Amino acid sequence: MSRSHNFSAGPATLPLQVIEELQAALPEFKSCQAGIMEISHRSPDFDAVINSAKERFRRLINIPQDYEVLFLQGGASLQFYMLPLNILSPSEKGAYIMTGTWSTKALKEAKRCSESFALWEDSSHKNVPKTISKTNSTYIHYTSNNTIYGTQFLDTPQTDSHLVVDMSSDICSRPVDVSDFDIIYAGAQKNLGPSGVTTIILSPWAIEQSRKNDKERAGGIPSMLNYALMVSKNSMFNTPNTFGIFALERMLAWMEAEGGMESMEQKNKEKARLIYQELDSSEFWVPHASVDSRSLMNITWRIHDTQLESIFLERATKEGLLALKGHRSVGGIRASLYNSCSLESAQKLSEFMKEFRLQNQ
Ligand SMILES: *Cc1c(COP(=O)(O)O)cnc(C)c1O
C-alpha cells in the first residue's frame with residue numbers, strides 16, 4: 001500500500017478504516033444479497049442507512065429536535081441559489097459577508113432571485129470581520145471557513161438577524177451551537193465524505209419561509225429546489241445519492257468513535273499549531289491570513305522567494321506529501337487539515353517544511 005499524506009482541499013482524504021468499510025459493502029451489504037449501490041432507495045435496508053446518518057448527525061453536533069436535516073445533491077453551489085429562492089420573496093434581501101471566492105459566488109446566485117447585497121468586504125482576503133453591523137435584511141449569510149484564502153471565523157458572528165452559513169469546509173470540525181443558525185449547508189467532500197452529497201440543516205422558520213414562498217412565487221418553487229417538499233420526502237423526492245449517504249453515515253460513525261466534536265477540535269488545533277509554528281519561525285515563509293483570522297482547516301502561505309515554491313511542491317510530492325499546491329486563483333501553497341487528515345500527516349509536513357527551510361534560507 002502506498003497511500004501518501006494527503007492535504008487535498010477537496011475531495012479530501014478519508015480515514016482508511018472508512019474506505020475499507022465502504023469497500024466491504026460494495027459486493028454485498030448486510031443480508032441484502034446485493035451491494036450497497038444496487039439496492040432500492042425505498043428499501044428498508046436503505047431507510048436504515050439514511051435514518052442512521054440523520055440520527056448520528058443530530059447526535060454529533062446536537063441539532064435541535066425541531067430542526068430538519070436534508071441530504072441532497074448539487075453541492076454547496078446549488079445551495080447558493082436554492083437557499084435565497086426558498087427563504088426570500090423577490091423583494092426581500094439577504095446580506096452577504098464577502099470573505100472570498102465562495103461568498104462572491106453565493107451572492108451572485110442570490111441576485112438571480114432576490115435583491116441581496118454585500119455587507120462587508122475586504123479585498124485582501126486576509127481577514128474576516130470581528131463584528132457585524134446592523135442591517136436591513138431577512139438574513140445574514142457568511143462563509144465560516146474560506147477554503148481558498150485560509151481564513152476562518154473563530155466564533156459565530158453575533159447578530160439579531162437570521163443567520164445562514166456555508167460551512168462546507170469546517171462543518172463538524174469543532175463544536176457549534178446549531179440553534180444560532182437558521183440554515184447550515186455544506187458539501188460533504190471536505191469533512192464528511194466523498195463528493196455528491198450536500199448536508200442542509202433547516203430551522204422551523206426556514207421551512208416555513210420555504211412553504212410561504214412556494215405559494216407566493218409565480219409557478220411555485222421547482223420541486224427539486226423546494227426545501228419544504230424535500231423535508232416531507234425525507235430527502236427522497238427522487239433517487240438520492242445512496243452510496244454517498246452510506247459513506248456519510250460511515251464518516252459520522254467514525255467521528256463519533258473518535259470522540260465527537262471536542263476531540264475533533266482538539267486534534268485540529270494541534271495539527272494547525274504544528275504548521276503555523278513553523279510558518280512563524282522565520283521570514284522565509286509568508287503566511288497569508290492575519291493571525292486573528294487564521295483557519296484551522298486550510299493553511300495558506302507563500303515562500304518569500306516565490307521561485308522556491310515549485311521546488312517545494314515537487315519535493316513534497318516525492319516525500320509522499322500530496323496536494324499542497326494553492327488554489328489556481330491565488331497560487332502559493334495550501335495545506336488542508338480536515339478531520340480525516342491525521343496528526344502524523346501534519347507532523348510529517350511540519351518536519352519537511354523545517355528541513356526545506358534550513359536547506360534553502
Ligand atoms: C468547496 C466549497 C464550495 C463548493 O462546493 P461544491 O460542493 O463543489 O459546490 C462552496 N463553499 C465552500 C466554503 C467550499 O469550501
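The shown structure was predicted, so the numbers you read here are calculated from the model rather than taken from an experiment. In each ligand, atom 1 is the first atom listed, and ligand 1 is the first ligand listed.
The protein non-hydrogen atom at the shortest distance from atom 15 (O) of ligand 1 is Thr147 OG1, 2.5 Å. Considering only non-hydrogen protein atoms, atom 9 (O) of ligand 1 sits nearest to Ser77 OG, 2.6 Å. Looking from atom 11 (N) of ligand 1 to the surrounding protein, the closest heavy atom is Asp166 OD2, 2.6 Å.
The closest side-chain heavy-atom distance from Arg334 to Ile148 is below 4.5 Å. Side-chain contact between Glu109 and Pro84 is absent, with no heavy atoms from C-beta onward closer than 4.5 Å.
Atoms of ligand 1 found under 4.0 Å from any heavy atom of Gly75 (numbered from 1 in listed order, with element): 7 (O), 9 (O). Per-residue contacts place Lys190 under 4.0 angstrom from the following atoms of ligand 1 (heavy atoms of the residue considered): 1 (C), 2 (C), 3 (C), 14 (C), 15 (O). Every atom of ligand 1 is numbered from 1 in the order shown, and the set under 4.0 Å from a heavy atom of Thr143 is 13 (C).
Between Asn145 and ligand 1, a contact under 3.5 Å exists for no N or O pair. Residue Ala76 places at least one N or O, backbone or side chain, under 3.5 Å from an N or O of ligand 1.
Ring-centre distance between Tyr96 and His141: below the 6.0 Å cut-off. The six-membered or imidazole ring of Phe312 lies near that of Trp285, with a centre-to-centre distance under 6.0 Å.
In this structure, Gln189 contributes its side chain and Gly10 its backbone to no donor-acceptor pair below 3.5 Å.
With atom 6 (P) of ligand 1 as the reference point, the heavy atom nearest to it among Gln73, Gln189, Lys105 is part of Gln189.
Taking CD1 of Ile221 as the reference point, atom CG of Asn213 lies at 5.5 Å (rounded to 0.5 Å).
The side chain to side chain donor-acceptor pair (under 3.5 Å) with Asn146 is formed by just one residue from the set Asn298, Thr99, Thr300; it is Thr99.
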